[in-house]
Asker: 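What follows is a single structure, and I will ask about it in a moment.
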Amino acid sequence: MKAQQERKMRKEEDESLIFYLKKEVEAALLRTDSLEKENRELRQEVVRLKAQITSLKAHDNERKSMLWKKLQNPFDSSKTDVFQQKQSDFVKVSERSVEHSSPRPSLQELAARKEKQAKVPNPPPRPTYAAPPSLKEANDKKLPPPPPPPPNMSSGSKTVRRVPEVVEFYRLLTRRDAHMENRTNSAAVPVVAFTPGMIGEIENRSSYLSAIKSDVEKQKEFINFLIKEVESSAFNDISDVKAFVKWLDDELSSLVDERAVLKHFPQWPERKADALREAAFNYRDLINLESEVSSFQDNPKDPLILALGRMQALQDRLERSIDNMERTRESMIKRYRDFQIPWEWLLDTGLIGQMKLSSFRLAKVYLKRTTKELQLNECSGEDNLLLQGARFAYRVHQFAGGFDAETIRAFQELKQIGMDSLKE
């Protein structure tokens, strides 16, 4: 009797230990997933920052190169067309401009600026809504913290729910194959070195400085008009911000050098102007990317590796864009509210959420293409292809917070093929 009780106690202890170990394993898996995601995010952030640094260096050196060539031979008419083309290229490279600006004046035009009359500004575009909220009302509103992706979201007729099978199937395959994707960093763009002496010589060229001085003196009324328009601007719709920024950039393009001229006007609302440009620029880029993802079409004639690579690259861009916005969303919302710039599109209930749902398009196409190749049994590395499909499904599932009904069906078809192959 005593021996039976001891066996019973040992059995209970063993069961308790097994239960505890299972919980530990589950917790370790969750921590591993979290660390993998954080590691991937950090790598993406490093790539983004390196690309941004490279872009800014190239932008700065291109500007210095143009100024050098512009002022080295001011009266060489044969080089005028080349200079004007490079000026246009420089404006296209500028990240602060939301829309393409017109080429800046040539040296001959700069010399004539002393004699020109003050510019008559064009009226700014009218906002869609005539009664924007006051700054006090906007500041009285509580700043909503960036919400995490909800477990259930809906967009029109789309209902999104989490699918635990996606995570389980992906983990099942990764235990069999430890192969992970390798990502390559963008190649650095070589930059041209300029000595301090060259830069100093450029800045001391009298024709350039005279043109700036002429703008400061003769365009004072015009710039004061722009200052009032920027300071008093308030918007209810982000599309109105885009139109206003385009108008503002068009007006400022008449100055010989926007930055150099405006620094002589301490009342210029630089922070608000930069915030307006940032909002319009970010919104435009996100809308274009969302449209590209939603309208993506797979060409069955493309090789499998090329087709899957295109979809992975597009998903990479989508995740990077959303991740960058979410990292700075709270500070951007606060800044936009202070300047009466629409910010609701930054929430998961706005454009950001819409972009997450657009990734279902890529997931469905990717899963259907993978399933079709596996059914044909004509592809080499069948296990690897199955793992790629499961990984992409898992990736989109975690990014969007779940799947809609159509994506679930596409995943179930792939899973069925995978489970059949595992039984063999």
Asker: Could you please spell out the steps behind the side-chain contact (heavy atoms from CB on, under 4.5 Å) verdict for Leu304 and Leu385?
Answerer: CA-CA 10 Å; Leu304 176 65; Leu385 180 60; 4.0 Å; yes
Asker: Mind telling me whether Phe392 and Tyr366 have parallel, tilted or perpendicular rings, with 30° and 60° as the class edges?
Answerer: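 Taking Phe392 first and then Tyr366, their aromatic rings lie parallel (interplane angle under 30°).
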Asker: Is a side-chain N or O of Asp323 found less than 3.5 angstrom from the main chain of Glu319, in a donor-acceptor match?
Answerer: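 Answer holds: no.
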Asker: What closest approach, in Å, do Phe360 and Gly402 show between heavy atoms, and which atom pair accounts for it?
Answerer: CE2-O, 3.1 Å
Asker: Check this for me, if you would: do Glu258 and Arg277 make a salt bridge, where the nitrogen-to-carboxylate-oxygen distance has to be below 4.0 angstrom?
Answerer: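 Between Arg277 and Glu258 there is a salt bridge, with a charged N closer than 4.0 Å to a carboxylate O.
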Asker: Carefully, step by step, assess Lys368 and Glu413 under the rule salt bridge (Lys or Arg N to Asp or Glu O under 4.0 Å).
Answerer: CA-CA 8 Å; Lys368 288 179 180 179; Glu413 292 176 3; over 6 Å; no
Asker: State, yes or no, whether a side-chain contact exists between Gln315 and Phe399 at a heavy-atom distance under 4.5 Å.
Answerer: yes
Asker: Output yes when a side-chain donor or acceptor of Asp240 lies under 3.5 Å from a complementary backbone atom of Phe235, and no otherwise.
Answerer: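 Answer holds: no.
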Asker: Search all heavy atoms of Arg329 against all heavy atoms of Leu346 and return the closest pair with its distance.
Answerer: NH1-O, 2.9 Å
Asker: Filter on ring-ring contact (aromatic ring centres under 6.0 Å, His included), then keep only pairs touching residues 282-312, sequence neighbours left out; what's left?
Answerer: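 The answer is Tyr283-Trp345.
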Asker: Among residues at least two apart in sequence or on other chains, which ones pass side chain to side chain contact (heavy atoms under 4.5 Å, CB included) with Glu251?
Answerer: Lys119, Pro121, Asn122, Phe222, Leu226, Trp247
Asker: Given Thr407 and Asp404, is the side-chain hydrogen bond (donor to acceptor under 3.5 Å, both in side chains) satisfied, shown in steps?
Answerer: CA-CA 5 Å; Thr407 314; Asp404 62 0; 2.4 Å; yes
Asker: Evaluate the side-chain proximity of Leu289 to Leu314: yes if any heavy-atom separation is below 4.5 Å, no if none is.
Answerer: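 A side-chain contact exists here, since the closest heavy-atom pair is under 4.5 Å.
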Asker: Taking 4.0 angstrom as the limit, do Arg310 and Asp298 come out as a salt bridge?
Answerer: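 So Arg310 does not pair with Asp298 through a salt bridge.
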Asker: Could you give me the CA-CA distance, side-chain angles and deciding distance for Glu38 and Leu42, then say whether side-chain contact (heavy atoms from CB on, under 4.5 Å) is met?
Answerer: CA-CA 6 Å; Glu38 184 178 357; Leu42 289 173; 4.2 Å; yes
Asker: Tell me the closest heavy-atom pair linking Leu414 and Gly389, and the distance in Å.
Answerer: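 Nearest pair, atom of Leu414 first, then Gly389: CD2-C, 3.7 Å.
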Asker: Before giving the answer on side-chain contact (heavy atoms from CB on, under 4.5 Å), spell out for Trp343 and Ile238 the whole-Å C-alpha distance, their side-chain angles and the decisive distance to 0.1 Å.
Answerer: CA-CA 8 Å; Trp343 48 265; Ile238 187 65; over 6 Å; no
Asker: Does the side-chain hydrogen bond (donor to acceptor under 3.5 Å, both in side chains) test come out yes or no for Tyr208 and Asp257, once each step is laid out?
Answerer: CA-CA 9 Å; Tyr208 177 67; Asp257 188 322; 2.3 Å; yes
Asker: Search all heavy atoms of Ala363 against all heavy atoms of Val396 and return the closest pair with its distance.
Answerer: CB-CG1, 3.9 Å
Asker: Run Glu278 and Tyr336 through side-chain contact (heavy atoms from CB on, under 4.5 Å) and show every step you take.
Answerer: CA-CA 10 Å; Glu278 178 191 70; Tyr336 293 172; 2.7 Å; yes
Asker: Would you find more than 12 non-hydrogen atoms of other residues, nucleotides or ligands less than 6.0 Å from Arg327 atom CZ?
Answerer: yes
Asker: Any side-chain heavy-atom pair from Lys415 and Met419 closer than 4.5 angstrom?
Answerer: yes
Asker: Please report the shortest heavy-atom distance between Glu229 and Pro124, naming the atom on each side.
Answerer: OE1-CG, 3.1 Å
Asker: Hey, are the side chains of Ile352 and Leu286 touching, using non-hydrogen atoms and a 4.5 Å cut-off?
Answerer: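 Side-chain contact under 4.5 Å: yes.
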Asker: Taking Ser294 for the side chain and Ser291 for the main chain, is one N or O donor matched with an acceptor at less than 3.5 Å?
Answerer: no
Asker: Using 4.0 Å as the upper bound for N to carboxylate O, is an ion pair formed by Glu36 and Arg40?
Answerer: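 Between Glu36 and Arg40 there is no salt bridge, as every charged N stays at least 4.0 Å from the carboxylate O atoms.
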Asker: Are any non-hydrogen side-chain atoms of Lys364 and Arg409 less than 4.5 angstrom apart?
Answerer: no
Asker: Return the minimal non-hydrogen interatomic distance between Lys272 and Ser233, and the atom names on each side.
Answerer: NZ-O, 2.7 Å
Asker: Please examine the side chains of Gln219 and Leu255, heavy atoms only from C-beta on, and report whether any two atoms are closer than 4.5 Å.
Answerer: yes
Asker: Does Ser253 reach the main-chain N or O of Asp250 with its side chain, forming a donor-acceptor pair under 3.5 Å?
Answerer: yes
Asker: Answer yes or no: is there a donor N or O on one side and an acceptor on the other, between the side chain of Ser358 and the main chain of Met355, under 3.5 Å?
Answerer: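 Checked: pair present.
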Asker: Are there over 12 heavy-atom neighbours, none belonging to Leu35, within less than 6.0 Å of that residue's CG?
Answerer: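 Counting other residues, nucleotides and ligands, CG of Leu35 exceeds 12 neighbours.
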